[in-house]
S.K.: 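Structure incoming, see below.
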Amino acid sequence: MMHMNQGQGETSYAVNSSHQNAKQERLKPLIEAAIIDLCSNNDNLSHGKVVIADLGCSSGPNALVLVSTAVKAIHGHFLRLQQSPPEVCVLLNDLPDNDFNMVVKSLVTLRRSHEPVVTVGITPGSFYERLFMSGSLHLMCSSYCLHWLSKSPEVLIRNRIPAYDIDGDARLERLLVVHEAYAQQFRSDFTNFLDLRAKELVSGGRLVVSLLGRTIASKSSHIWEGIVIPLSIMVSEGVIDKDKFHSFYLPMYGPSNDELREIIQAEGSFSIMAMQVHGLITGTDSAVINPSRYMKMIRAVFEQLVVQHFGDVMDEVVRTGEQHFSLDGRLHDLTANGTMLVVSLTKS
Ligand SMILES: C[S@@+](CC[C@H](N)C(=O)[O-])C[C@H]1O[C@@H](n2cnc3c(N)ncnc32)[C@H](O)[C@@H]1O
């Protein structure tokens, strides 16, 4: 029951995802390199056919960016060799409640604009489950999704330990417990994800993904604070009930690069070709350091989960967040320790 804000209106993900779009740029060179590797070794191509997929494509202008990069790289590679390119099948995945309407139309445009043959399809479902036939995919990519967990940590919910206690001292006391619970859930989910993708990829198949992470120094914060801080202010103002707030858990975790590397190595299906750590805020990324644009982005991503739990509070959340993050340095402090982790893997 999760999706980014649908449609193309003012509060939609389609209109408020320029930050995520900028981050897709980081993946493009790795996708191009992976395609050249795959195409240079013809054993990897099953009889002149390549199947590629984007996992967590969402909706709006970002949905086809990665697969289009891959298709262009395939055609460019074979053009340089003066050979006819293989047939390409492009598959897009997201959760079933994702707004696939616009995505379908863009897929048809992609199919028409590439020769000789591009076939397209949608594969709805969770990437924490099997999505494709075994040994059928050559390249899978995913941008800005894998920090979403399959569920919030049950140990916190069962023991009624708030993820973000309104009481600052209690929050500090439980910081490690909360952090560890989320880290465990991420380890289990990411291990499962790698295991599933290894089954679906051909031998030598490639996986190129990015996700939100954090520096070791930011162990005292969580990647979901951008939405939780405005909500907590609304609790202190008496607008939101404290118990209701304490039972709100977001299924998200940002690992450090060491954690990620260790999980990939322990799972064992993939070799790491490249691993990069990028700061979340760059000189040009005004979507993240401008309070108004930041809260629009937060709304596009979290509105549906917030409304499901708290009801119709989102206008107030945005006002509160804009006001809070306008104060000197607060938004910078919130985002400064965030990273984006980028990994390119080959199935061993
Ligand atoms: C922030 S959006 C990123 C979308 C797009 N890749 C981009 O770069 O703009 C994260 C997407 O991941 C999807 N997602 C989260 N958990 C998922 C899961 N278990 N399976 C498939 N998609 C998932 C969400 O529905 C959402 O569309």
Side-chain angles (χ1 to χ4, degrees), residues 1-8 11-28 30-31 52-70 90-104 106-107 122-132 140-152 185-186 188-197 200 207-213 223-224 226-227 249-254 278 280 285 287-288 294 296-305 308 338 340-343:
M1 284 289 286
M2 207 221 22
H3 59 79
M4 306 292 103
N5 273 358
Q6 302 178 334
Q8 297 176 67
T11 60
S12 64
Y13 184 76
V15 170
N16 295 289
S17 49
S18 60
H19 166 67
Q20 290 86 343
N21 179 266
K23 297 301 172 201
Q24 288 180 317
E25 292 299 316
R26 304 279 192 191
L27 281 179
K28 284 184 179 176
L30 295 175
I31 289 174
I52 61 181
D54 184 349
L55 309 181
C57 64
S58 202
S59 57
N62 299 358
L64 266 75
V65 168
L66 302 184
V67 289
S68 300
T69 301
V90 171
L91 300 169
L92 292 181
N93 153 263
D94 206 293
L95 291 167
D97 285 323
N98 182 54
D99 183 358
F100 282 114
N101 288 329
M102 229 171 97
V103 177
V104 168
S106 324
L107 267 179
I122 301 275
T123 311
S126 169
F127 49 54
Y128 294 120
E129 291 167 6
R130 272 296 294 275
L131 293 169
F132 309 107
M140 292 195 230
C141 34
S142 176
S143 182
Y144 235 78
C145 298
L146 283 156
H147 46 269
W148 284 99
L149 304 170
S150 66
K151 58 183 178 185
S152 299
Q185 186 63 48
F186 177 79
S188 154
D189 282 342
F190 199 71
T191 302
N192 179 35
F193 175 83
L194 292 173
D195 177 55
L196 294 166
R197 301 299 80 86
E200 295 164 347
L207 185 58
V208 181
V209 303
S210 74
L211 66 157
L212 274 172
I223 61 169
W224 31 256
I227 180 66
Y249 299 90
L250 279 168
M252 275 181 114
Y253 178 75
H278 301 283
L280 197 60
D285 204 346
V288 175
Y294 179 73
K296 281 190 174 139
M297 176 181 79
I298 288 283
R299 179 178 207 150
V301 173
F302 293 107
E303 175 153 17
Q304 186 249 342
L305 289 175
Q308 254 179 49
M340 191 182 71
L341 305 176
V342 179
V343 220

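Each ligand, and each atom within it, is numbered from 1 in the order the structure gives. What you are looking at is a predicted structure, and each value in this text was computed from that prediction instead of being measured. Keep in mind that the numbers below use all heavy atoms, side chains included, and drop hydrogens, waters and symmetry copies.
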S.K.: Report the member of Ala22, Pro96, Ser58, Ser18 with the shortest heavy-atom distance to atom 4 (C) of ligand 1.
M.R.: Ser58
S.K.: When you compare ligand 1 with Ser143, is there at least one nitrogen or oxygen pair between them that comes in under 3.5 angstrom?
M.R.: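 Checking ligand 1 against Ser143, an N or O pair does fall under 3.5 Å apart.
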S.K.: Taking both backbone and side-chain atoms of Gly56, is any N or O found less than 3.5 Å from an N or O belonging to ligand 1?
M.R.: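 By distance alone, the answer is yes.
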S.K.: Phe302: which residues meet the ring-ring contact (aromatic ring centres under 6.0 Å, His included) condition with it, sequence neighbours left out?
M.R.: Trp148
S.K.: Closest heavy-atom contact between Ser12 and Asn16?
M.R.: O-ND2, 2.9 Å
S.K.: Students often mix this up, so state it plainly: with edges at 30° and 60°, are the rings of Tyr128 and Phe193 parallel, tilted or perpendicular?
M.R.: perpendicular
S.K.: Has Asn93 got any heavy atom lying under 4.0 angstrom from an atom of ligand 1?
M.R.: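 Right, Asn93 reaches ligand 1.
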S.K.: Among all protein non-hydrogen atoms, which one is nearest to atom 19 (N) of ligand 1, and what is the separation to 0.1 Å?
M.R.: Ser126 OG, 3.0 Å
S.K.: Which of the numbered atoms in ligand 1 are under 4.0 angstrom from any heavy atom belonging to Gly125?
M.R.: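 Under 4.0 Å from Gly125, ligand 1 has these atoms: 20 (N), 21 (C).
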S.K.: Grab the two heavy atoms, one from Leu55 and one from Ser142, that are nearest each other, plus how far apart they are.
M.R.: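 Heavy atoms only, the tightest pair is O-OG, 2.9 Å.
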S.K.: Testing Cys57, Pro124, Ser59 one by one against Asp94 for a side-chain contact (heavy atoms from CB on, under 4.5 Å), which residue passes?
M.R.: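 Single side-chain contact (heavy atoms from CB on, under 4.5 Å) partner of Asp94 among Cys57, Pro124, Ser59: Cys57.
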S.K.: Does the side chain of Asn5 come under 3.5 Å of the side chain of Glu303 through a donor N or O and an acceptor N or O?
M.R.: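 Yes.
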S.K.: Show the atoms of ligand 1 that are less than 4.0 angstrom away from any heavy atom in Asn62.
M.R.: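 Here the atoms of ligand 1 in question are 7 (C), 9 (O).
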S.K.: Are the aromatic rings of Tyr144 and His19 close, with centres under 6.0 Å apart?
M.R.: yes
S.K.: Just to be sure I'm reading this right: ignoring hydrogens, which of Phe127, Tyr13, Tyr128 gets closest to atom 9 (O) of ligand 1? Compare them by their nearest heavy atoms.
M.R.: Tyr13
S.K.: Are any of the N/O atoms on Asp54, whether in the backbone or the side chain, positioned under 3.5 angstrom from an N/O atom of ligand 1?
M.R.: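 No, Asp54 has no N/O under 3.5 Å of an N/O on ligand 1.
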S.K.: With heavy atoms under 4.0 Å as the rule, classify the contact between Gln24 and ligand 1 as side chain, backbone, both or neither.
M.R.: side chain
S.K.: Enumerate the atoms of ligand 1 whose separation from the nearest heavy atom of Gln20 is less than 4.0 angstrom.
M.R.: 9 (O)
S.K.: Check whether any heavy atom of Ser142 sits under 4.0 Å from an atom of ligand 1.
M.R.: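 Ser142: no contact with ligand 1 (<4.0 Å).
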S.K.: Of the listed options (Asp94, Val65, Asp97), which comes nearest to atom 25 (O) of ligand 1 when hydrogens are ignored and any heavy atom counts?
M.R.: Asp94
S.K.: Nearest protein heavy-atom contact for atom 12 (O) of ligand 1: which residue, which atom, what distance?
M.R.: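 Checked against all protein heavy atoms, atom 12 (O) of ligand 1 sits closest to Cys145 SG, 3.3 Å.
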S.K.: Looking only at protein heavy atoms, which one is nearest to atom 15 (C) of ligand 1, and how far off is it?
M.R.: Met2 CE, 3.5 Å
S.K.: For Val301 and Gln20, work out which heavy atoms get closest and say how close.
M.R.: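 Closest approach of Val301 to Gln20, heavy atoms only: CG2-NE2, 3.9 Å.
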S.K.: Does Gln308, at its CD atom, have more than 12 non-hydrogen atoms belonging to other residues, nucleotides or ligands within less than 6.0 Å?
M.R.: yes
S.K.: Measuring from the heavy atoms of Cys57, does anything fall under 4.0 Å of ligand 1?
M.R.: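 Yes, Cys57 has heavy atoms under 4.0 Å from ligand 1.
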S.K.: At their closest point, which heavy atom of Ser58 faces which heavy atom of Val103, and how far apart are they?
M.R.: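 Heavy atoms only, the tightest pair is O-CG2, 3.4 Å.
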